[in-house]
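For reference, the structure is listed below as structure tokens.
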Protein chains: 2
Amino acid sequence: MSRSASIKDVANHARVAVGTVSNVLNYPDRVSQRTKDRVLQAIDELGFVRNDAARQLRAGHSRTIGLIVLDVGNPFFTSVVRAAEDAAALQGSAVLLGDSGHDAGRESNYIDLFQEQRVQGLLISPVGDVTERLDQLRERGVPTVLVDRLADEAKYSSVSVDDDAGGYLAARHLLDTGRRRLAFVGGPTSIRQVEDRLQGAQRAVAEVPDASLEILDSAGQTVLAGRGVGDQLVRRAAGELPDGVFCANDLLALGVMQSLTMLHTLRIPEDIALIGYDDIDFAVSAVVPLSSIRQPTEALGRTAIELLAEELDSDKPRHRAVIFTPELVVRQSTAGPEGSSAETRSGSSEEAAATAG
Amino acid sequence: MSRSASIKDVANHARVAVGTVSNVLNYPDRVSQRTKDRVLQAIDELGFVRNDAARQLRAGHSRTIGLIVLDVGNPFFTSVVRAAEDAAALQGSAVLLGDSGHDAGRESNYIDLFQEQRVQGLLISPVGDVTERLDQLRERGVPTVLVDRLADEAKYSSVSVDDDAGGYLAARHLLDTGRRRLAFVGGPTSIRQVEDRLQGAQRAVAEVPDASLEILDSAGQTVLAGRGVGDQLVRRAAGELPDGVFCANDLLALGVMQSLTMLHTLRIPEDIALIGYDDIDFAVSAVVPLSSIRQPTEALGRTAIELLAEELDSDKPRHRAVIFTPELVVRQSTAGPEGSSAETRSGSSEEAAATAG
DNA sequence: CCGATTCTTTGAATCGTTTCATTGTTACGA
DNA sequence: TCGTAACAATGAAACGATTCAAAGAATCGG
């Protein structure tokens, strides 16, 4: 009832030594069948469950990996988390999940907690400046992999997504389907992601002689901010309108779509093609299914675990920064004049453009 | 570099006994200022961090609480998780989060893991039939609180939300704003939540003599399923239309809204009032801001931790089932003829309708 | 200055598992 | 039958923190 059975209880019950019970659990081959049966039966009868604390005290480290994300509610991270958990499970580790909620204090608390738990390694999508903490951890033999952030390869491994390439992909797609007067809708360019996506788009536009790119600053990254931009667009004279709009994320794109379709003066995609970024669940079920740029979240999570495993295996401090290329998901909102309606994906096939450090 | 400092290293470095270091950490009042200073300095110089495994081996239990949810990506659970983490932090515990993803296998793995970790207690939103496992845990002194599921008070504490009351609240609101020909849109009534919400709505309708409630079966709980139902509605003759529609969740409601607003033949809320359930983030930024029923997720998470604490404190097996009442959030999609536009909340003030077991 | 009291500090024992040198057992070829 | 492998089982030591009885130091009143 109260105290749960220990390996010693099992040993007594099966009339063997504690070492033998341990061998049954960890090296079954070393134990004869007869003994093994007796021990297993005792385990079953007593309902013995290994005490992980004792185990990891002896081992010197746990079999868990810490993962700190900015926001578990964000589908991007949710997907990364799930992939990381699955990949970790394959190699016999469990993931301890922490949600910093963009709060440096919570982030720091989780690092403390994980350090006390002696996690094998840490995956983190940092909020504040944690380089000092991470350096300290590395010195103690706890490697870190940065997630969704490009790191200095001299110091850390990292997995990230090439936002410039994503921006290029989006703009290029609008150009490929015949649009020339493009517009970029995005929040403050102080956000790195927004900046990079814009830069990629500009790169694509520069490749086509008669193409132009207008920048429409949005007050944030929400549906409402998008609607604000959309409302401005519908008030313009026909000649002043863009014919292709690229939004820095899907929420903005959905807001723009709401404005344009609400008044029914402009049609998507005939008058204006629209493409977003992130490929959230809502994109496919928008009034006009939204084209978007999908980030390889599963690959991010999986690769982060793999990079961590690499660092754990070899004791040489060899770091790698793996950069993924996002992929284009074509739906109705950017259908060409001929209007093929099937959903299409193209672009990266989740292959890593890896570089060695 | 390699091995991290232990309490013994600290003791040597500060020239005191290990017990003294432990006292500095756990009972600072017992130690003189001089000694304390020396020890703290040693801790700082060596970068000592407590080894939680050793601590909990000695203590016999950890300072963590296991939490297994059906889907971390679901905003409902995300919010519950965050509240539970905060409440646990207040009492000095940490939450280990597991995402079963509606998979009984993953759920079982997490129970195993948490049992090996010797968690203090378990909060679970179960997928499969885990009563046997939970009984076993209870016998070993690991209490469980069921989350978002009403439990037999003889065996477990639980926190849940009264879906019948939510359904009543939604329908009642439509009736209160003058609608009489109501329709309920929902997936298979085999889902308990859907069933209960419908029942609550029927109860409300039965209270008003000339009111009626039509049931529109949807093929699922998605935006697309909602659009399917909406498409059927717009094809009806004007006289056959409901004037108030209650959807079993917000996704369905958004789908219905898309259909109705797309063709611009029916206006929301003038021709048809629309209300959803869950109050997801998108509700407020829909083309017509969507009225909805909000579940007190924070209270769920917080209360679950509190009930667990109760069970841990007293060793008498006294269980409680706490049932929360959801609240109505009024937005434009159900605005009355006079059309007050402000967002209003009413209904439960997050107070628990508790019953003792 | 002494004995009593309170305040500090000590260090061995303990938690449950794994490891590993040692001992005990069995089997087999010569 | 003996010597030697190969195989099984043993149990003490170690991991690092906490606890607690006991020893030691400081303080105080008389």
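Chain letters run A, B, ... following the sequence lines, proteins first and then strands; every chain starts at 1. Keep in mind it's a predicted model, so treat the numbers as computed, not measured.
- With salt bridges taken as basic N to acidic carboxylate O contacts below 4.0 Å, none links A/Arg302 and A/Asp86.
- Residue contacts for B/Gly60: at a heavy-atom cut-off of 4.0 Å it reaches no nucleic acid atom on any strand shown.
- Taking atom CD1 of B/Ile7 as the reference point, atom P of C/dC15 lies 18 Å away to the nearest angstrom.
- Mapped onto DNA chain C by nearest heavy atom, B/Thr35 and A/Arg30 fall at different nucleotides, with B/Thr35 at the one closer to the 5' end.
- Taking every side-chain heavy atom of B/Asn51 into account, D/dA17 is the closest of D/dA17, C/dT17, D/dG11.
- Note on A/Tyr27: every side-chain N or O is 4.0 Å or more away from OP1 and OP2 of C/dT18.
- Rounded to an integer number of Å, the gap from CD of B/Gln33 to P of C/dT9 is 11 Å.
- Phosphate proximity of C/dC15 to B/Arg118: absent, as no side-chain N or O sits under 4.0 Å from OP1 or OP2.
- Across the protein-nucleic acid pair, A/Gln117 atom CD and D/dG16 atom C1' stand 15 Å apart, rounded to whole Å.
- Within 3.5 Å, no donor on the side chain of A/Arg55 pairs with an acceptor on the base of C/dT17, nor the reverse.
- One atom, CZ of A/Arg15, and another, P of D/dG11, lie 13 Å apart when rounded to the nearest Å.
- We find that A/Lys155 and A/Asp152 are not joined by a salt bridge, their nearest charged nitrogen and carboxylate oxygen being 4.0 Å or further apart.
- With a 4.5 Å cut-off on side-chain heavy atoms, B/Leu96 and B/Leu67 do not count as touching.
- The nearest heavy atom of DNA chain D to B/Asn23 and to B/Leu57 marks one nucleotide each, and the one closer to the 5' end goes with B/Leu57.
- Listed nucleotides: D/dT10, D/dA17, C/dG11. Nearest to the side chain of B/Phe48: D/dA17.
- Side-chain contact between B/Phe76 and B/Leu300: present, with at least one pair of heavy atoms (C-beta onward) separated by less than 4.5 Å.
- Across all strands shown, A/Ser32 has heavy atoms under 4.0 Å from sugar-phosphate atoms exclusively, and none from any base.
- In this structure, B/Asp99 does not pair ionically with B/Arg106, as no charged nitrogen and carboxylate oxygen lie closer than 4.0 Å.
- In this structure, the CG atom of B/Asn26 is 17 Å from the P atom of D/dG16, given to the nearest Å.
- The distance from atom CG of B/Leu25 to atom C1' of D/dT18 is 10 Å, rounded to the nearest whole Å.
- Among the heavy atoms of the strands, none lies under 4.0 Å from A/Val21.
- With DNA chain D read from its 5' end, the first of the two nearest nucleotides for B/Ala53 and B/Gly19 is the one closest to B/Ala53.
- In the set D/dG11, C/dA13, C/dT10, the nucleotide with an atom closest to the side chain of B/Arg58 is C/dA13.
- The residue A/Asp52 sits apart from the nucleic acid: no heavy atom pair falls under 4.0 Å.
- Side-chain atoms of A/Thr20 lie closest to D/dT10 of the nucleotides D/dG16, D/dT10, C/dT10.
- Going from atom NZ of A/Lys36 over to atom C1' of D/dC7 covers 13 Å, rounded to whole Å.
- When the options B/Arg318, B/Glu311, B/Arg320 are evaluated for a side-chain hydrogen bond (donor to acceptor under 3.5 Å, both in side chains) with B/Ser157, the one that passes is B/Glu311.
- The distance between atom CG of A/Asn12 and atom C1' of D/dT10, rounded to the nearest whole Å, is 14 Å.
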